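First comes the structure, then the notes that go with it.
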There are 2 protein chains.
Amino acid sequence: MAKISKKELIIEHSRKSFSKNGYELTSLESIAKECEITKPAIYYHFKDKATLYKAVVCPEFTALAEKIEKNTQDGDAVKRVQNYISTFGNFLISNPDFSAIFAREIANGSANIPDECINQLSRTIKQLVNILYAGESEGVFSKESPFLIQMMIVTPLISCHTSKPLRERVALHAQNSKISLEPNFANIIDSLSTKIIKGLKC
Amino acid sequence: MAKISKKELIIEHSRKSFSKNGYELTSLESIAKECEITKPAIYYHFKDKATLYKAVVCPEFTALAEKIEKNTQDGDAVKRVQNYISTFGNFLISNPDFSAIFAREIANGSANIPDECINQLSRTIKQLVNILYAGESEGVFSKESPFLIQMMIVTPLISCHTSKPLRERVALHAQNSKISLEPNFANIIDSLSTKIIKGLKC
DNA sequence: ATTTCCTTACTGAATGGTAAGTAAAATATT
DNA sequence: AATATTTTACTTACCATTCAGTAAGGAAAT
């Protein structure tokens, strides 16, 4: 097992708890217990709960922005949008705690999110703006609000993860219909990508 | 002013608070203050916080299911999908507290949502399943996971409302680009509708 | 001798929920 | 019609718990 500092251990457990339970329902006492330390040990490493949250979420948003920028530079606009979507989708797969954290932030108007993350998020969106603008110049995309496109990409993918318990409950109440088919996430990414591209094209 | 029972007054203020602050950060004391009563008065009308929440959310999900069913019976599959989307969008406009409540429920895996709401939600989704199936039979839609389509409709529209503060902060960090254009919600509904239909067609 | 990295023990504030009592309205009884 | 009784719709006062955050101290490494 890789050697990991206690500070990083705290961050890992915190990330899981913030993702599973949300900011309010995450207690520092329970995180401490999971790390097999005591609560003030957390306060030794982090000023307060908000700072710990920041240490959890900032690297995630930064990593996302970097992957997006890296993977959406080349190709025509269609290809770049496809890469934007698949990069985001694969990021959600490799960062399984991110979906719920991001979904909560969208739902509560980014109340807990630090400015640094907003900065990273705006890098991501700027990239999408550039791609859409390139698509217009190429004459393949009609003019569209980048904000809506961003929402059409990000929120369905995120919600695929977070709404799983909700879907399971709905499936119980609708047994005789075809809702119960649980889709595979890789397929979802592809399928969403196809539809968004179709929707964007003139 | 229409006469309103104290019980309904409590529900109205609760709805606003649950929407604005979320379940955890909504304190019954603060609701009581807004209603100009005391906390135990709330407990006279409602067994506990969960029951109050139920009284707030159930009518919303029921009203949504009824409007959806009512407005998506007639016409061809394309028309019915358009009506599904516009009915949902207009519901969000006329029920301004619903977006945040629903978004939070999706984000936290429906932890607070009562079974009765799940029932209403499954009515809504069954209707979409029917429409998509009709579209396949008509030969105009390709086979698709209804669940993904539901997510593609519901989550972007909801997030348009809840992410407004987030967008404003992003706009501050991206002043020199074109992100700042704040789209009009009625236009968003139309635009989303067009794109989803394009994406669904064979 | 000092800094690092923790521990035990604690405080204060917020909050869900309850016990007990009360004024007014509705209902039953004389 | 007048009076007694019960029910409705609350209030004041309080309890129990949870939780963010702190004070003070200690062992080990530097």
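This one's a predicted model, so the numbers in the text were calculated from it and none came from an experiment. First the proteins, then the strands, lettered A, B, ... as listed; each starts at 1.
Using modelled atom types, one finds a donor on one side chain and an acceptor on the other under 3.5 Å when comparing B:Y84 with B:Q150. Counted by atom type alone, A:S86 and A:N90 present zero donor-acceptor pairs between their side chains at under 3.5 Å. Of the N and O atoms on the side chains of B:S99 and B:H161, at least one donor lies less than 3.5 Å from an acceptor on the other residue. For the 3.5 Å distance criterion, the side chains of A:K195 and A:S191 qualify, holding a donor opposite an acceptor. Using modelled atom types and a 3.5 Å distance limit, the side chains of B:T72 and B:Q127 yield a donor-acceptor pair. Side-chain contact, B:D190 with B:S193: no donor N or O sits under 3.5 Å from an acceptor N or O.
For the pair B:D48 CG and C:dG16 C1', the computed distance is 9 Å after rounding to whole Å. We find that OH of B:Y44 is positioned 17 Å from P of C:dA23, with the value rounded to whole Å. Nucleotide D:dA9 holds its P atom 10 Å from the NZ atom of B:K7, rounded to whole Å. Separating the CD1 atom of A:I42 from the P atom of D:dT22 is a distance of 14 Å, rounded to the nearest angstrom. Following rounding to the nearest Å, B:N21 (CG) and C:dT15 (P) show an atom-to-atom distance of 10 Å. Straight-line distance from the NZ atom of B:K6 to the C1' atom of D:dT8: 13 Å, rounded to whole Å. One interatomic measurement links the two molecules: CZ of B:F46 to P of D:dA9, which rounds to 12 Å at whole-angstrom precision. In this structure, B:Y43 places its OH atom 18 Å from P of C:dA20, rounding to the nearest Å.
Heavy-atom nearest nucleotides on DNA chain D were determined for A:L25 and for A:P40, and the one closer to the 5' end corresponds to A:L25.
Closest to the side chain of A:A41, from the set C:dT7, D:dT8, C:dG16, is C:dT7. For B:H45, taking side-chain heavy atoms from C-beta onward, the closest of the listed nucleotides D:dC10, D:dG21, C:dC6 is D:dC10.
Within residues 26-39 of chain B, the residues that place at least one heavy atom under 4.0 Å from DNA chain C are, in residue-number order, B:T26, B:S27, B:L28, B:K39.
B:D97 and B:K16 are not joined by a salt bridge, as no carboxylate oxygen comes within less than 4.0 angstrom of a charged side-chain nitrogen.
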